[in-house]
2 protein chains.
Amino acid sequence: MAKGTLSSSGSLSAKAPEERRERILRATVDVVRTRGFAGARVSDIAEAAGTSQGLVLYHFRSLAGALDAALTLLEDEFYDDLARDLQEQVGPVERLRHMADLGAGQGPAVGDWRLWLELWVRALHDPDARETRESLDRRWRAALREVIAEGVASADFDPLDPDGAAIRLASLMDGLAIQLALDDPDMTTQRLADLWWDAAVLELRMQP
Amino acid sequence: MAKGTLSSSGSLSAKAPEERRERILRATVDVVRTRGFAGARVSDIAEAAGTSQGLVLYHFRSLAGALDAALTLLEDEFYDDLARDLQEQVGPVERLRHMADLGAGQGPAVGDWRLWLELWVRALHDPDARETRESLDRRWRAALREVIAEGVASADFDPLDPDGAAIRLASLMDGLAIQLALDDPDMTTQRLADLWWDAAVLELRMQP
DNA sequence: GCACGTGCTGAACGCTCATTCAGATAGCCT
DNA sequence: AGGCTATCTGAATGAGCGTTCAGCACGTGC
């Protein structure tokens, strides 16, 4: 059992405690994705991260702490996803089109609807989660409103009720996504995107 | 300690075992409503029903059994709610209008969106719940399709895409309901009903 | 009047799981 | 070299909770 190259045997603490923490955080998100908030155990997280249970509690103060951290990680990634994806597009029509695809499951955070479902239910009972989801939802709706306003300015859109259209389109995405998240046989990512896009055409009175 | 009038002291077992069972079932639904499926404890149910924990397990075989029973109770009530409410109305426009109000929180089962959220997440991990929610959703969508078909026949509606409209309107209701269930400051029952109705007007191209 | 089954209770059992803790290891400063 | 601290581990602890169980009450059939 030689000392090895650089990082040693036994506990591979050598360096990268931060990298370790990161790995645990990712693992936490994964576990929530598969087991749900309610089903997430410290041992699950430890196993998924390839560490001991002790370390999970060492980096985050408790299981709840780890779950909260995962929540804010999600929030950050959502913002990044959204911002990056929308800035790549040029006109309002293209942006809107891209939002349809975004909802249908691109991006690491935005399209992960199982995670959203979990967040919603957690928000039902946990004030922290409630705030996170409200902030996320505001953000998403604001982005939609912006795109709509942009399209109205450029005469691409002509909605009867811009605010109502924004809320409805945002909510419609949520509702369609539920079926997707639950593997409803009648729903696919393509169908979701199409159904949503058609609704947008109708709501915003777009001309083909 | 006289024998009392009829039902005796101690355990009030006298009669009505069936009534007792019913009370426990109601209590289970209540607990799920407030604590969620994941947070429901046998002791919560017993307390809410005013019985011992033992009795809960006596009538249903396990906690899971009680939760399952609550689920099917919900399913039955949903069907009853829906059928009764729709048969009271005459024309397609009135029926549709009523569906908007239904979603906005009438009826003991249909409008209870917190319960729906809970069901959705349970469906994510429990096959029984998955089947229940799928059946419920099919039913709701079928009712919507029927009303739409009726309205097309009577020339009250003129949708471009009847099937798409049905799915979208059903999904929109779910999406709006999420905000209502989560006490989003921007959503009220009235607003939900209005937003949904406006969408229906648009989708079905109704004339005022 | 007496056994018996059903309804019901409260205490006890045992398991799962978050959290604590007593170290082990390794870099770092002096 | 020799502490000191940060990182990490595996086992121990203990609380919470579902489930089991021994037994009480009471109506029913013999």
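Order of the sequence lines sets the chain letters (A, B, ...), proteins ahead of strands, with each chain counted from 1.
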K.L.:
Establish, with yes or no, whether the OP1 or OP2 oxygen of C:dT9 is under 4.0 angstrom from a side-chain nitrogen or oxygen of B:R20.
P.N.:
yes
K.L.:
Let me know the distance between CZ of B:R23 and C1' of C:dG7, rounded to the nearest Å.
P.N.:
14 Å
K.L.:
Could you please name the option among C:dT9, D:dC8, C:dT19 that lies closest to any side-chain atom of A:Q53?
P.N.:
C:dT19
K.L.:
Using atom CG of B:L55 as one end and atom P of C:dT6 as the other, report the distance to the nearest whole Å.
P.N.:
15 Å
K.L.:
Can you tell me how far P of D:dC17 sits from CZ of B:R35, to the nearest Å?
P.N.:
10 Å
K.L.:
What's the spacing between A:L124 CG and A:R133 CZ if we round to 0.5 Å?
P.N.:
10.5 Å
K.L.:
With a 4.5 Å limit on heavy-atom distance, are the side chains of A:E203 and A:R168 in contact?
P.N.:
yes
K.L.:
Quick check on A:R35: does its CZ atom have over 12 non-hydrogen neighbours (other residues, nucleotides or ligands) under 6.0 Å away?
P.N.:
no
K.L.:
Using whole Å, what does the distance between atom P of nucleotide D:dT9 and atom CD of A:E47 come to?
P.N.:
14 Å
K.L.:
Does any non-hydrogen side-chain atom of B:D137 lie less than 4.5 Å from one of A:I178?
P.N.:
no
K.L.:
Should A:H59 and A:E22 count as side-chain neighbours, where that means a heavy-atom distance under 4.5 Å?
P.N.:
no
K.L.:
Is the A:W116 to A:F78 ring centre distance short of 6.0 Å?
P.N.:
yes
K.L.:
For the residue pair B:D186 and B:Q179, establish whether any side-chain heavy-atom pair is separated by less than 4.5 Å.
P.N.:
no
K.L.:
For the residue pair A:T51 and A:Y58, confirm or rule out a side-chain donor-acceptor distance under 3.5 Å.
P.N.:
no
K.L.:
Contacts to DNA chain D from residues 38-46 of chain A, heavy-atom cutoff under 4.0 Å, which residues?
P.N.:
none
K.L.:
Which residues in residues 56-66 of chain A have at least one heavy atom lying under 4.0 Å from any atom of DNA chain D?
P.N.:
A:Y58, A:H59
